[in-house]
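Order of the sequence lines fixes the chain letters, A, B, ..., with proteins taken first and strands second; residue numbering starts at 1 for each chain.
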There are 2 protein chains.
Amino acid sequence: MFSMNVKKILQDNDITPTLQRIVILNYLMSSSKHPTADQIFNDINQDQNVTISKATVYNTLNYFIEKNLVIKVMTSKCTQPHYDYFLKPHFHLICSKCGKIIDANYDNFNNDLNHMVLEAQKNEFKVSNESINLYGVCKTCLENDEEDSDN
Amino acid sequence: MFSMNVKKILQDNDITPTLQRIVILNYLMSSSKHPTADQIFNDINQDQNVTISKATVYNTLNYFIEKNLVIKVMTSKCTQPHYDYFLKPHFHLICSKCGKIIDANYDNFNNDLNHMVLEAQKNEFKVSNESINLYGVCKTCLENDEEDSDN
DNA sequence: TTACATGCAAAGTGTTTGCATAACT
DNA sequence: AGTTATGCAAACACTTTGCATGTAA
């Protein structure tokens with residue numbers, strides 16, 4: 001069974017907690033990766049004893065986004081967006097070489113984020129969630145680059 | 001003629017400054033909006049005396065992204081990404097209702113951004129650029145909502 | 001029971017690619 | 001002159017949609 005939390009989260013957000021929605025949200029919450037729609041579709045249909053159509057995966061993700069439960073994350077190359085459940089504020093380090101997405105945070109991040117929200121309020125803009133991405137090259141890919149240049 | 005800057009920027013980034021690339025970068029730099037590939041294609045083919053194929057628009061934008069000259073910005077609903085030239089660090093307020101993208105900034109933004117870059121360095125991640133988006137509802141759409149609820 | 005969600009397959013849309021032509025240094 | 005970019009059109013991939021069936025409260 002799924003953690004009771006998942007169902008409750010859906011209900012708290014005025015989302016009818018159907019089996020498919022529970023499974024998808026549970027998957028997003030438990031996996032530390034940031035899956036694409038395709039990965040969600042494949043993993044759930046393989047590992048769980050639940051079948052979900054692709055249409056439902058897409059519809060559900062869009063619904064979650066609309067309800068501010070999930071955000072889309074773009075890697076720089078990739079055409080497919082990744083989906084991220086927002087447990088607590090964090091930002092992403094996205095490798096332009098391998099496409100890896102790393103969650104990042106630090107003690108005063110909430111503070112800094114708040115500065116941005118304040119600036120938004122000056123524009124009379126009501127913030128509901130955020131997507132903060134730093135693009136660059138990850139440790140592994142940097143090391144690979146060094147090896148290449150040694151040749 | 002285009003500002004000499006545009007050509008120089010391309011050369012400084014090891015990008016052969018062809019007419020199409022100059023026109024596209026010039027368009028991205030001079031328009032304060034954050035156009036989609038489609039808007040770039042249409043606007044340039046209408047307003048300037050230059051023709052650019054859609055393939056070239058896409059190829060060029062991807063090339064600019066690879067060279068860290070431009071970033072993709074996703075609105076929450078829209079399927080089409082928007083493209084943003086990065087003159088100086090800033091962040092975006094993106095309205096989930098109307099899709100408007102507002103550039104935002106404040107005095108210490110660079111400072112806050114630097115905290116994130118430092119955190120990235122702890123992960124031995126080398127940052128090249130960033131995309132910081134706050135999603136929510138803009139002033140205009142908030143006002144429209146109020147009107148609706150008055151009925 | 002009534003409204004709402006799901007699944008299938010087909011349609012739609014945005015993006016990429018191969019190859020001939022043209023442009024850049 | 002040699003390399004690299006462009007343009008066209010076709011191929012590709014991802015996402016959405018319509019409608020019949022199934023599910024939730």
Nearest of C/dT6, C/dT15, D/dT6 to any side-chain atom of A/T60? C/dT6

Separation of C/dT13 atom C1' from A/Q80 atom CD, nearest Å, is 15 Å

Verify the contact: side-chain N or O of A/N62 to OP1 or OP2 of D/dT16, cut-off strictly under 4.0 Å; return yes or no. yes

Measuring from the side chain of A/S53 (C-beta onward, heavy atoms only), which nucleotide among C/dG7, C/dG14, D/dA5 has the closest atom? C/dG7

When the distance from OH of B/Y63 to P of D/dT6 is rounded to whole Å, what number comes out? 10 Å

d(NZ, B/K67; P, D/dT4) in whole Å: 12 Å

Just wondering, are more than 12 heavy atoms of other shown residues or ligands nearer than 6.0 Å to CG in B/D12? yes

Quick check on the helix from C/dT1-D/dA25 to C/dT25-D/dA1: what's the angle between its two end axes, five base pairs per end, to the nearest 10°? 50°

Does some side-chain heavy atom of B/I24 sit less than 4.5 Å from a side-chain heavy atom of B/Y63? no

Joint hydrophobic cluster, A/Y58 plus A/V23, side-chain heavy atoms closer than 4.5 Å: no

Identify which nucleotide among D/dT16, D/dG7, C/dT6 has an atom closest to any side-chain atom of A/Y58, counting heavy atoms from C-beta outward. D/dT16

Quick one: what's the B/S/- string for nucleotides 17-25 of chain D, heavy-atom cutoff under 4.0 Å, read 5' to 3'? B------SS

Can B/N133 and B/H92 be counted as having a side-chain donor-acceptor contact under 3.5 angstrom? yes

Measure across B/I44 and B/Y27 and return the closest heavy-atom pair with its distance rounded to 0.1 Å. CD1-CB, 4.1 Å

Assess whether side-chain contact (heavy atoms from CB on, under 4.5 Å) is satisfied between B/Y83 and B/H34, documenting all intermediate values. CA-CA 6 Å; B/Y83 295 87; B/H34 306 73; over 6 Å; no

What is the distance from CD1 of B/I15 to C1' of D/dT3, rounded to the nearest Å? 17 Å

Look at B/Q20 and D/dG7 and indicate whether a side-chain polar atom (N or O) is within less than 4.0 Å of OP1 or OP2. yes

Spacing of B/I44 atom CD1 relative to D/dT6 atom C1', expressed in whole Å: 14 Å

In this structure, how many angstroms lie between the P atom of D/dT16 and the NZ atom of A/K72, rounded? 6 Å

How many Å lie between NZ on A/K54 and P on C/dA5, as a whole number? 23 Å

Spacing of A/F41 atom CZ relative to D/dT15 atom P, expressed in whole Å: 13 Å

Looking only at the side chains, is there a donor atom on one of B/Y135 and A/N68 sitting less than 3.5 Å from an acceptor on the other? no

If you measure from NE2 on A/H90 to CG on A/N110, what distance do you get to the nearest 0.5 Å? 12.0 Å

Test your reading of the model: is there a side-chain donor-acceptor pair from B/N26 to the backbone of B/I22, 3.5 Å cut-off? no

